[in-house]
Protein chains: 2
Amino acid sequence: MKPDYLAAIKQFYGKAKRLPSYSEMLDLFGLSSKNAVHKIVHKWIEDGLLKKENSKLAPTGKFFALPLLGMVRAGQPILADENKSYLTLDEYLIDDPSSSFLLKVRGDSMVNAGIFEDDLVIIDMKRSALSGDIVLAEIDKEWTLKYLKKDKNRIYLEAANDKYPPLHPKKELKVHGVVMGVIRKFRS
Amino acid sequence: MKPDYLAAIKQFYGKAKRLPSYSEMLDLFGLSSKNAVHKIVHKWIEDGLLKKENSKLAPTGKFFALPLLGMVRAGQPILADENKSYLTLDEYLIDDPSSSFLLKVRGDSMVNAGIFEDDLVIIDMKRSALSGDIVLAEIDKEWTLKYLKKDKNRIYLEAANDKYPPLHPKKELKVHGVVMGVIRKFRS
DNA sequence: TATTCTATAGAACGATCGTTCACTTTGTCA
DNA sequence: TGACAAAGTGAACGATCGTTCTATAGAATA
């Protein structure tokens with residue numbers, strides 16, 4: 001049974017958020033020669049898992065991203081080598097980390113948009129909101145998650161649930177952020 | 001206008017997936033003394049953004065994770081300093097990266113579970129599926145995304161859409177993975 | 001203006017870095 | 001069995017690392 005060096009270094013990166021040095025890999029892999037490590041790393045670089053960037057080791061997307069498969073109806077969903085695609089959820093969903101945050105959803109006003117209670121939505125505070133966007137808004141001092149709509153010259157909010165009527169602001173309507181995406185966990 | 005060193009290093013990490021060395025920070029920050037960098041980094045360590053791990057620099061969760069806010073009804077959603085919480089989407093959704101992949105959803109058979117066409121679902125191939133889980137299954141050579149149900153001793157599949165009837169396997173039913181979560185992007 | 005504080009400069013240091021050499025062991029296949 | 005390839009050992013190297021020292025410049029304070 002050969003030791004799985006790749007699993008070991010991935011686990012290290014997962015915990016430390018950095019790659020180990022060669023010396024650390026000696027311990028990690030249970031080896032005693034840096035040359036052995038050097039060869040292993042060299043192979044990973046050739047495989048495109050790692051790369052040398054400014055003469056320092058860094059992971060590529062392939063190293064820690066997940067493969068993305070397409071569903072082929074009535075066939076096995078396979079990721080052909082040619083059009084392989086990998087992505088990390090953070091990169092996929094978050095455009096600007098410095099202006100984004102997550103919000104745990106309360107209420108059922110957006111169920112028709114597929115946003116349920118306890119889902120997490122990613123909010124970008126710097127994005128300019130377009131009509132039709134789902135936004136985090138403050139309408140007459142009340143905060144809520146709704147569709148932003150424009151009717152002639154008036155701006156108002158609309159739920160994605162027939163139970164709730166459209167909301168027209170009496171005094172003011174502030175948009176605090178645009179909902180970029182939603183994530184929901186089924187199992188833990 | 002003071003240069004925003006933190007933004008610079010975050011941008012570096014976002015691109016390279018590693019922290020820069022002190023020498024690289026010199027360029028990055030436009031400084032010419034490593035001592036200046038050393039003090040800046042020291043401050044970040046004190047603030048809990050970075051940490052020394054095995055005498056090497058590594059980011060903490062606070063460095064790159066997003067703040068998670070709770071929605072307070074009729075109040076501003078605020079993250080109090082005491083119960084601050086940060087998380088990355090990858091860590092939140094992916095339990096075991098080595099046995100997981102993403103699948104782009106086709107069809108509307110799971111709309112009632114809030115899974116729409118073109119959503120991405122995270123599939124874990126090693127999880128054992130429980131009754132009621134959403135699974136990626138192969139039923140009589142056809143691949144599909146459905147609820148896994150158990151009726152007495154028989155196992156079958158059920159859509160989350162009234163349009164579709166339950167599926168009982170004629171010959172075989174293989175579960176290839178459990179749907180751990182779903183993500184949907186509204187804006188790009 | 002004089003004083004204090006903070007941020008940066010500049011140089012020096014030992015420690016660790018990754019690379020490379022020659023050599024040995026192990027496993028595979030004809 | 002013999003030959004070759006793959007994987008690991010062990011030592012040496014210059015380069016770069018992060019730390020620490022003292023010194024200087026500018027802003028803040030009084």
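Letters A, B, ... mirror the listed sequences (proteins, then strands); counts begin at 1.
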So if you build clusters from Ile, Leu, Val, Met, Phe, Trp, Tyr with side-chain heavy-atom gaps below 4.5 Å, do M125(B) and W143(B) land together?
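Yes, it is one cluster - the side chains of M125(B) and W143(B) are joined through contacts under 4.5 Å.
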Kindly work out whether a path of hydrophobic side-chain contacts (I/L/V/M/F/W/Y, heavy atoms less than 4.5 Å apart) joins V111(A) to I134(A).
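No, V111(A) and I134(A) fall in different hydrophobic clusters.
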Among Y13(B), Y86(B), F12(B), whose ring pair (Phe, Tyr, Trp, His ring centres under 6.0 Å) with F64(B) holds?
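Only match with F64(B) under ring pair (Phe, Tyr, Trp, His ring centres under 6.0 Å): Y13(B).
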For I40(B) and dT6(C), give me the distance from atom CD1 to atom C1', rounded to whole Å.
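Value for this atom pair: 12 Å.
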Let me know the distance between CG of L57(A) and C1' of dC17(C), rounded to the nearest Å.
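Checked: the CG to C1' distance equals 12 Å.
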Report the C-alpha distance between S98(A) and D96(A) in whole Å, list the side-chain angles of each, state the deciding distance to 0.1 Å, and finish with yes or no for side-chain hydrogen bond (donor to acceptor under 3.5 Å, both in side chains).
CA-CA 6 Å; S98(A) 69; D96(A) 180 4; 2.8 Å; yes
So, is H38(B) close to the dT19(D) phosphate, meaning a side-chain N or O under 4.0 Å from OP1 or OP2?
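So the side chain of H38(B) is within the cut-off, an N or O lying under 4.0 Å from OP1 or OP2 of dT19(D).
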Please confirm whether any donor atom in the side chain of K39(A) sits under 3.5 Å from an acceptor in the base of dG8(D), or the reverse.
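Present.
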Show me the side-chain donor-acceptor pairs of residues 152-164 of chain B shorter than 3.5 Å, one per line, residues at least two apart or across chains.
residue	atom	partner	partner atom	Å
N161(B)	OD1	K163(B)	N	3.0
N161(B)	ND2	D108(B)	O	2.8
K163(B)	NZ	D108(B)	OD2	2.8
Y164(B)	OH	D108(B)	OD1	2.6

Near-strand residues of residues 13-36 of chain A, defined as heavy-atom separation under 4.0 angstrom from DNA chain C:
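Within this stretch, S21(A), Y22(A), S23(A), K34(A), N35(A) sit under 4.0 Å of the strand.
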Can T144(A) and K146(A) be counted as having a side-chain donor-acceptor contact under 3.5 angstrom?
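Their side chains do contain a donor-acceptor pair, which is all the 3.5 Å distance test asks for.
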Tell me which residues in residues 42-54 of chain B lie within less than 4.0 Å of DNA chain D, going by non-hydrogen atoms.
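Within residues 42-54 of chain B, the residues near DNA chain D are K52(B).
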